[in-house]
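Right, one structure below, let's go through it.
Sequence positions, counted from 1, serve as the residue numbers for this chain.
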Amino acid sequence: MANVNVIYHSRGNNTRMIAEAIAEICGVEAIDIMTPHNITSSDLLFIGMGIYGGKPDNVLLDYLDQLPANAILGAAVFSTSATGKDHMALAINQLEHKGIQVYPRHLNLKGHFLFMNKGKPGEMEVRKARAFAEEVLGAFNY
């Protein structure tokens, strides 16, 4: 059985909601990086991030910097933001610099922020997250 983990960082509930949907498909619990935990290795690590001001939060980038590179075989990244655009390059570069294989397609979903995107993420975004998890698991033969 593959060792799959789902971690995330979210200032609100947007990324948490998506992480929990992905974790459900993987049969694991989503882990908020701000809570005590210990991931010493992972065959596949799903990494969720909120995008703030056009980039991942520094808390997440610092966390990725501390990951044990030789113990993480592959990663898949997902994010929520007000724009729904892919702003994960900093995080992806950190992972690739450590030699971690990053799944080539990234999941970028809209989340609510102040008065923007009320009701997001909603059921449509959750369905996309579940489909993404199934796609990635299939690509890594899990």
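- Listed by chain and number, the residues in a side-chain contact (heavy atoms from CB on, under 4.5 Å) with Gln101 are Phe140 (sequence neighbours excluded).
- Applying the ring-ring contact (aromatic ring centres under 6.0 Å, His included) definition to pairs two or more places apart or across chains, those involving residues 17-43 are His37-Tyr63.
- Residues forming a salt bridge (charged side-chain N to carboxylate O under 4.0 Å, His left out) with Glu24 (at least two apart in sequence, or on another chain): Arg130.
- Taking Glu20 as the reference, Arg16 meet the side chain to side chain donor-acceptor pair (under 3.5 Å) condition, with sequence neighbours excluded.
- Every residue two or more places apart in sequence or in another chain that forms a side chain to side chain donor-acceptor pair (under 3.5 Å) with Thr15 is listed here: Thr80.
- Listed by chain and residue number, His9, Ile33, Met34, Asp57 satisfy the side-chain contact (heavy atoms from CB on, under 4.5 Å) test with Val59 (two or more places apart in sequence, or in another chain).
- Qualifying side-chain contact (heavy atoms from CB on, under 4.5 Å) partners for Arg105, counting only residues two or more places apart in sequence or in other chains: Tyr103, Phe132, Glu135.
- In this structure, the separation between CG on Asp65 and CG on Leu60 is 11.0 Å, given to the nearest 0.5 Å.
- For residues 73-83, the set of pairs meeting the salt bridge (Lys or Arg N to Asp or Glu O under 4.0 Å) definition, not counting sequence neighbours, is empty.
- Partners of His97 by ring pair (Phe, Tyr, Trp, His ring centres under 6.0 Å), not counting sequence neighbours: none found.
- The shortest distance between side-chain heavy atoms of Asn108 and Met88 falls below 4.5 Å.
- Between the side chains of Ser42 and Asn3, no donor N or O sits under 3.5 Å from an acceptor N or O.
- By the side-chain contact (heavy atoms from CB on, under 4.5 Å) test, Ala75 pairs with Ile47, Leu95, Ile100, sequence neighbours left out.
- Under the side chain to side chain donor-acceptor pair (under 3.5 Å) criterion, Lys55 pairs with Asn58, sequence neighbours left out.
- Within the structure, side chain to side chain donor-acceptor pair (under 3.5 Å) pairs that include any residue of residues 26-36 do not occur (at least two apart or interchain).
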